[in-house]
J.: 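Please find one structure pasted underneath; my questions will follow.
By convention in this document, chain letters (A, B, ...) are assigned in the order of the sequence lines, proteins followed by strands, and residues within each chain are numbered from 1. The model shown is predicted, which means the values in this text are computed figures rather than measured ones.
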Protein chains: 2
Amino acid sequence: MFFQAIVFKGGAALARLAGSNGKATAKAIHKHSLELIARHGFAAVSMRMIADAVGVQPGALYQYHPTKQALLLDIMQKHLEALLKAWAKEKESETELPAIEALERFARFHIRYNIKRPDEVFIAYMELRSLEPEEFKLIEELRRQYEDELKTIIANGIKENSFKVEDAHVTAMATLAMLTGINTWYRTGGRLSQKKIEDIYVNMVLRSVGCAKD
Amino acid sequence: MFFQAIVFKGGAALARLAGSNGKATAKAIHKHSLELIARHGFAAVSMRMIADAVGVQPGALYQYHPTKQALLLDIMQKHLEALLKAWAKEKESETELPAIEALERFARFHIRYNIKRPDEVFIAYMELRSLEPEEFKLIEELRRQYEDELKTIIANGIKENSFKVEDAHVTAMATLAMLTGINTWYRTGGRLSQKKIEDIYVNMVLRSVGCAKD
DNA sequence: TAATTAAATGAACGTACATTCAATTAATTG
DNA sequence: CAATTAATTGAATGTACGTTCATTTAATTA
């Protein structure tokens, strides 16, 4: 007993001496698993890899999430809820905008938000298949809520005769795919400024619904 | 020896009796791994799962691909090469089309081709990260070739003054993202016919480059 | 400070993984 | 049909996986 207590120093303390953090805060786990899962995919990331990145033993992770899957669900859910909340806040400034301006505002919001959180966006789209049916339903519902925001804007534009569009749902899906696709090629410090890219996309979106800006 | 030969019947024969195929043709392996990888992701699919689907023992797969990764590379490479070949054939009918018509032709081709091969498209996009750097370069080069086809069409449209577009590259990326995104929501037998969907998207694409059709 | 609760460790469990290989079976060829 | 080559099996190898847990360490509370 006595000897053991002296000889086997606490692993966290040793890890800290070796440069690791050794503090498995929920925030640190979230941050590191986000990066690892975005880079390698959920199935290719092990709890050991996450633990290493956090600077902790694998077992410590189970203080925060009961399973590996629960960790993934947490990442996706937090992302989508934050996205919805951010959009709700954006909306509340001016509630009754004409459809054209509402669409532009949505497009700019979506681009900015997604460019700032490429890992979350990628995971929320790519790892749906790693969820259990029940978890999947939960995430799909949040995603649907967000898509509905755009669908409503487009439907309003049709009603107002601002947009010449055949189908609000298909148009919303096409628009979202286009906007979200920025993440596949955009890198900070590239040829074009973020503002410039934003303008190009907004222009394309507005034109594609039949209301050219220029 | 003698007894063994009688008692332990060839596994392939037994599998065949049990309803499985037991013939690991390259085609069968390709087909089943395509489906499995598209559904579960490369990292989540084991050689055992593929072997089961084909109706064969895992070891038999190694007659056709030296590693699991080589199998993935084969799927992606075959897909992109077939895509490029199909587009080359589509082009050869009428070589010097006006940019507007060339863009419409490309859009329709892309939609049709991708809707017919959702698994290949999904894998070629999603599993890039599962490749080694050298393999990645190979696939990226094929993808770049395809993207360049659209970029050239758009650049020609700018030269001809048919398109009002700020940046050929960004416009090409945005257009491809929009078109490819159909696969995320399209299901055969849905509310809209394939022709209708095609028309809606072509309309949006043409409008987005500043040349409305109607 | 003492008692209590929370967090982290290190080692282990059983399972599944990609891959290999000698032996067997099937297919091809002369 | 005999000889040869190719394909497949079944079993094994070593590794890594998610998760558990008694024990130790740290943090909180009284």
J.: When you measure from the side chain of B/Glu127 to the backbone of B/Phe42, do you find a donor-acceptor pair of N or O atoms at a distance under 3.5 Å?
T.: yes
J.: For the residue pair B/Phe106 and B/Tyr146, is the inter-centroid distance of their aromatic rings smaller than 6.0 Å?
T.: yes
J.: Would you please confirm or rule out a distance under 4.0 Å between OP1 or OP2 of C/dA7 and any side-chain N or O of A/Gln63?
T.: yes
J.: If the sugar-phosphate is the primed atoms plus P, OP1 and OP2 and the base is the rest, what is the B/S/- string for nucleotides 13-18 of chain C, using protein heavy atoms under 4.0 Å?
T.: ----BB
J.: Rounded to whole angstrom units, what separation is found between the NE2 atom of B/His65 and the P atom of D/dT8?
T.: 13 Å
J.: Whole angstrom is fine here: how far is it from CG in A/Asp52 over to P in C/dA8?
T.: 15 Å
J.: Name all residues meeting the salt bridge (charged side-chain N to carboxylate O under 4.0 Å, His left out) criterion together with B/Glu166; count only those two or more places apart in sequence or in a different chain, and write none if there are none.
T.: A/Lys196
J.: For a quick test of reading the model: is some side-chain N or O of B/Gln57 closer than 4.0 Å to OP1 or OP2 of D/dT8?
T.: no
J.: Check whether any side-chain N or O of B/His30 sits under 3.5 Å from a backbone N or O of B/Ala26 as a donor-acceptor pair, and report yes or no.
T.: no
J.: Report yes or no: does A/Arg143 contribute a side-chain atom to a donor-acceptor pair with the main-chain N or O of A/Ala124 at less than 3.5 Å?
T.: yes
J.: In whole angstrom, give the distance that lies between atom CG of A/Leu72 and atom C1' of D/dG18.
T.: 15 Å
J.: Hey, does the side chain of A/Arg39 reach the backbone of B/Arg129 with a donor-acceptor pair shorter than 3.5 angstrom?
T.: no
J.: Send over the distance from A/Leu61 CG to D/dT20 P, rounded to a whole Å.
T.: 13 Å
